[in-house]
Amino acid sequence: MIFHVDANSFYASCEGLFRPDLRGKPIAVLSNNDGIIIALNAECKEAGFARGDAYYQKKDEMARSGVTVFSSNYTLYADISARLNMLYFRYTPDVEIYSIDESFLYFPSWDKKSLAETGSSLRERVGIEVGIPISVGIAPTKTLAKLCNKLAKKRGGVCAWAELDGDAELAHYPVGDLWGVGRSKTKLLARHGVDTALDLKRFPLHRAKECLSITGMRTVQELNEVPAIDRVERERHQNICSSKSFSRAVYDLDEIKTALSDYAQEAVKRMRAERSACRAVAVFLSTNPASETGEYYGNSATAELGEPTSFLPDIQGTALRLLEGIYRPGFRYRKVLINLIGLESEVRAQGELFVDDGTRQRNDALMTACDRINDRYGRGTIGPGSRRLVAATDRDGNRSAWVMKRDFLSPEYTTKLADVPRVR
DNA sequence: TCTGGGGTCCTAGGACCC
DNA sequence: TCTGGGGTCCTAGGACCC
């Protein structure tokens with residue numbers, strides 16, 4: 001049996017955790033650059049706000065409704081996520097961490113009663129030890145467990161498939177709300193007369209494969225209680241990408257280069273943390289696609305590296321060269337992205353013939369030293385000489401466009417000594 | 001002025017292999 | 001009337017996820 005465990009309004013719950021003064025009051029968390037609402041608690045939803053709302057449009061209304069607004073604090077959310085999973089591992093060694101706020105827990109099939117009890121106990125323990133509200137869905141397949149979880153949110157936090165009249169529930173469940181059925185599949189299914197989860201459960205397998213491909217067929221199997229979706233348990237990522245929108249339009253190549261250098265350093269740091277090396281680098285540059293003023297321009301370029309590498313100067317140099325190739329003067333650029341592609345184990349990577357191991361070792365030692373300095377004195381303290389063509393703030397202290405806007409950032413309560421809350 | 005960031009999987013088609 | 005059979009690897013683009 002599978003438990004699907006999901007934290008409710010996770011980012012908003014994390015922010016509320018250290019602010020008991022906000023209990024029962026609306027909370028919203030904003031995206032990078034304080035652009036849109038990406039998480040809101042129940043009180044905030046009740047006040048009429050929704051995920052995806054642009055902050056600058058709702059700002060005044062939110063202030064009137066007494067909403068407390070936070071910028072994204074991923075350091076905090078990642079730490080709380082780790083605490084949740086540590087607790088899940090006490091219940092079963094078999095935990096698949098699916099996202100920052102969702103995990104699948106695998107249990108041997110005990111009798112139904114003790115499973116639902118286990119779900120309630122888990123919820124209670126998490127409430128006491130981590131302080132974040134969670135929901136638990138229990139079913140024989142991942143798709144059904146996720147469905148039960150959605151039902152659980154309205155039914156006391158725990159919902160077991162075995163205790164439901166399955167077909168009756170599926171008949172009320174819109175097919176588009178199922179895991180793995182997005183907008184385009186919903187549209188396509190409607191043409192075949194499939195509107196509810198029950199319709200899809202009864203959809204013939206061979207036809208499902210024809211019109212929905214293998215993934216859609218698996219969804220049909222899972223609705224019929226046949227496990228078909230594998231776990232994703234990967235030692236390392238296949239790609240690592242880093243990107244941020246600028247806080248306003250940027251025209252200047254040097255400014256974009258500075259941002260790209262920063263993202264390259266960030267991506268390489270993450271790659272080195274899992275001891276991987278990449279085979280290729282891709283860069284994407286674009287103006288704001290949503291903008292009604294100004295012409296849209298977006299372009300990307302990819303380059304293979306000589307050998308799989310995690311050496312920042314090589315990766316960054318390649319990225320900057322790619323950027324120069326796709327940059328066109330005169331556009332109002334809003335975003336640049338770097339993607340490290342074809343990741344493999346650094347140890348196993350096939351080396352280039354004429355690069356000697358001494359060079360590799362020196363490069364690695366250099367990168368390790370840089371990582372340590374940046375960990376200790378802050379991101380961007382040291383890096384390749386080509387970065388920081390444009391300073392983070394100008395002479396008057398104005399923030400440069402490539403520096404993220406985060407006006408409502410909460411403290412790093414759990415990961416920075418100076419930010420640990422004081423109690424009396 | 002201002003609308004997020006980071007991923008995975010699948011498919012089709014081309015290049016190439018013996 | 002007729003052109004072999006059976007593969008792998010790679011890439012771009014689409015769909016989907018949180």
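Per chain, numbering begins at 1; letters A, B, ... match sequence-line order.
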Thr302(A) near the nucleic acid: base, sugar-phosphate alone, or nothing, with a heavy-atom cut-off under 4.0 Å?
nothing
Looking at dG6(B), dC10(B), dC9(B), which one has an atom nearest to any side-chain atom of Gln238(A)?
dC9(B)
Identify each atom pair where a protein N or O and an N or O of nucleotides 13-16 of chain C are less than 3.5 Å apart, giving names and distance.
{"unit_1": "dA15(C)", "atom_1": "O3'", "unit_2": "Ser184(A)", "atom_2": "OG", "d": "3.1"}
{"unit_1": "dC16(C)", "atom_1": "OP1", "unit_2": "Gly182(A)", "atom_2": "N", "d": "3.2"}
{"unit_1": "dC16(C)", "atom_1": "OP1", "unit_2": "Ser184(A)", "atom_2": "OG", "d": "3.3"}
{"unit_1": "dC16(C)", "atom_1": "OP1", "unit_2": "Lys185(A)", "atom_2": "N", "d": "2.9"}
{"unit_1": "dC16(C)", "atom_1": "OP2", "unit_2": "Arg183(A)", "atom_2": "N", "d": "3.4"}
{"unit_1": "dC16(C)", "atom_1": "OP2", "unit_2": "Ser184(A)", "atom_2": "N", "d": "3.1"}
{"unit_1": "dC16(C)", "atom_1": "OP2", "unit_2": "Ser184(A)", "atom_2": "OG", "d": "3.1"}

Does a sphere of radius 6.0 Å around NZ in Lys45(A) hold more than 12 heavy atoms from other residues, nucleotides or ligands, not counting ones at 6.0 Å or beyond?
yes
Using the salt bridge (Lys or Arg N to Asp or Glu O under 4.0 Å) criterion, which residues pair with Glu43(A)? Sequence neighbours excluded.
none
Give every residue pair that meets the salt bridge (charged side-chain N to carboxylate O under 4.0 Å, His left out) criterion with at least one member in residues 168-182 of chain A, sequence neighbours excluded.
Arg155(A)-Glu169(A)
With respect to the phosphate group of dG4(B), does any side-chain polar atom (N or O) of Arg406(A) fall under 4.0 Å of OP1 or OP2?
no
Think Arg334(A) has a side-chain N or O under 4.0 angstrom from the OP1 or OP2 of dG4(B)?
no
Any idea which of dG4(B), dC10(B), dG7(B) is nearest the Thr215(A) side chain?
dC10(B)
Under 4.0 Å, heavy atoms only, any strand: does Glu102(A) hit a base, just the sugar-phosphate, or nothing?
sugar-phosphate
Which residues pass the side-chain contact (heavy atoms from CB on, under 4.5 Å) test with Tyr106(A), not counting sequence neighbours?
Ile2(A), Asp94(A), Glu96(A), Phe104(A), Lys142(A), Arg231(A)
Output yes when a side-chain donor or acceptor of Ser81(A) lies under 3.5 Å from a complementary backbone atom of Tyr77(A), and no otherwise.
no
Within less than 4.0 Å of OP1 or OP2 of dT3(B), is there a side-chain N or O belonging to Asn33(A)?
no
Whole-Å distance, Ile214(A) CD1 to dC9(B) C1', equals 11 Å
Residues Lys153(A) and Asp6(A) bridged, charged N to O under 4.0 Å
yes
Side-chain N or O of Lys405(A) versus OP1/OP2 of dT1(B): is the shortest distance under 4.0 Å?
no
NA contact type, Glu304(A), heavy-atom cut-off 4.0 Å: base, sugar-phosphate, or nothing?
sugar-phosphate
Using whole Å, what does the distance between atom C1' of nucleotide dT3(B) and atom CG of Asn288(A) come to?
7 Å
Could you check whether Lys201(A) pairs with Asp167(A) (Lys NZ or Arg NE/NH1/NH2 to Asp/Glu carboxylate O, under 4.0 Å)?
yes
Can you figure out which of dT1(B), dT3(B), dG7(B) approaches the side chain of His237(A) most closely?
dG7(B)
List for me each residue that meets salt bridge (Lys or Arg N to Asp or Glu O under 4.0 Å) alongside Arg90(A), sequence neighbours excluded, and say none if there are none.
Glu129(A)
Of the nucleotides dC18(C), dT11(B), dG7(B), which has the atom closest to the Ser213(A) side chain?
dT11(B)
Taking all non-hydrogen atoms of both residues into account, name the closest pair between Ile229(A) and Glu222(A) and its distance.
N-OE2, 3.0 Å
Within this structure, what is the CD-to-C1' distance between Glu266(A) and dG5(B), rounded to whole angstrom?
11 Å
With nearest nucleotides of DNA chain B determined for Tyr74(A) and Ile240(A) from heavy-atom distances, which residue corresponds to the more 5′ nucleotide?
Tyr74(A)
Just the rounded figure in Å: distance from C1' of dC18(C) to OH of Tyr11(A).
8 Å
Any side-chain N or O of Ser31(A) under 4.0 Å from OP1/OP2 of dT3(B)?
no
List the residues meeting salt bridge (Lys or Arg N to Asp or Glu O under 4.0 Å) with Glu274(A), not counting sequence neighbours, and say none if there are none.
none
Within residues 267-276 of chain A, the residues having a heavy atom closer than 4.0 Å to DNA chain C are none
Would you say Asn239(A) reaches dT8(B)'s phosphate, i.e. side-chain N/O to OP1/OP2 under 4.0 Å?
yes
Please work out if Lys335(A) contacts a base, only the sugar-phosphate, or nothing of the nucleic acid, heavy-atom cut-off 4.0 Å.
sugar-phosphate
Have a look at Tyr55(A) and say if it touches a base, only the backbone sugar-phosphate, or nothing, with a 4.0 Å heavy-atom cut-off.
nothing
For dG4(B) and dC17(C), measure between their C1' atoms and round to the nearest Å.
15 Å
Looking only at dC10(B), dG6(B), dC2(B), the nucleotide nearest the Arg218(A) side chain is dC10(B)
Sequence neighbours excluded - ring pair (Phe, Tyr, Trp, His ring centres under 6.0 Å) pairs with any residue from residues 318-341 of chain A
Tyr297(A)-Phe331(A), Tyr327(A)-Tyr333(A)
Residue pairs passing the side chain to side chain donor-acceptor pair (under 3.5 Å) test with at least one member in residues 55-68 of chain A, sequence neighbours excluded, are none
Check: Asn73(A) side chain, Pro411(A) main-chain N or O, donor-acceptor pair, under 3.5 Å
yes
Would you mind classifying the nucleic acid contact of Asp101(A) as base, sugar-phosphate or nothing, using non-hydrogen atoms under 4.0 angstrom?
sugar-phosphate
Choose from dC17(C), dG6(B), dG4(B) the nucleotide whose nearest atom is closest to any side-chain atom of Cys241(A).
dG6(B)
Only stems of 3 or more consecutive Watson-Crick or G-U pairs count here, both distances under 3.5 Å; name the ones for DNA chain C, or none.
B:5-18 with C:5-18
Just how far, in rounded Å, is P of dC9(B) from NZ of Lys209(A)?
17 Å
Give one of base, sugar-phosphate or nothing for Ile100(A), where a contact means two heavy atoms less than 4.0 Å apart.
nothing
May I have the distance from Glu96(A) (atom CD) to dC17(C) (atom C1'), rounded to whole angstrom?
13 Å
List in numerical order all residues of residues 138-158 of chain A for which some heavy atom is under 4.0 Å away from an atom belonging to DNA chain C.
Lys146(A)
Can you tell if the side chain of Ile128(A) reaches within under 4.5 Å of the side chain of Arg125(A), non-hydrogen atoms only?
yes
Nearest listed nucleotide, side chain of Ser245(A), among dG5(B), dT3(B), dC10(C):
dG5(B)
Determine, step by step, whether Ile338(A) and Cys241(A) satisfy the side chain to side chain contact (heavy atoms under 4.5 Å, CB included) criterion, reporting the C-alpha distance in whole Å, the side-chain angles of both residues, the deciding distance to 0.1 Å, and the verdict.
CA-CA 6 Å; Ile338(A) 182 171; Cys241(A) 109; over 6 Å; no
With sequence neighbours left out, the residues meeting salt bridge (Lys or Arg N to Asp or Glu O under 4.0 Å) with Lys335(A) are none
Quickly work out the Asn339(A) CG to dG7(B) C1' distance and round it to whole Å.
9 Å
Side-chain ion pair, Asp371(A) and Lys269(A), N-O less than 4.0 Å
no
In whole angstrom, what separates Leu188(A)'s CG from dT11(B)'s C1'?
15 Å
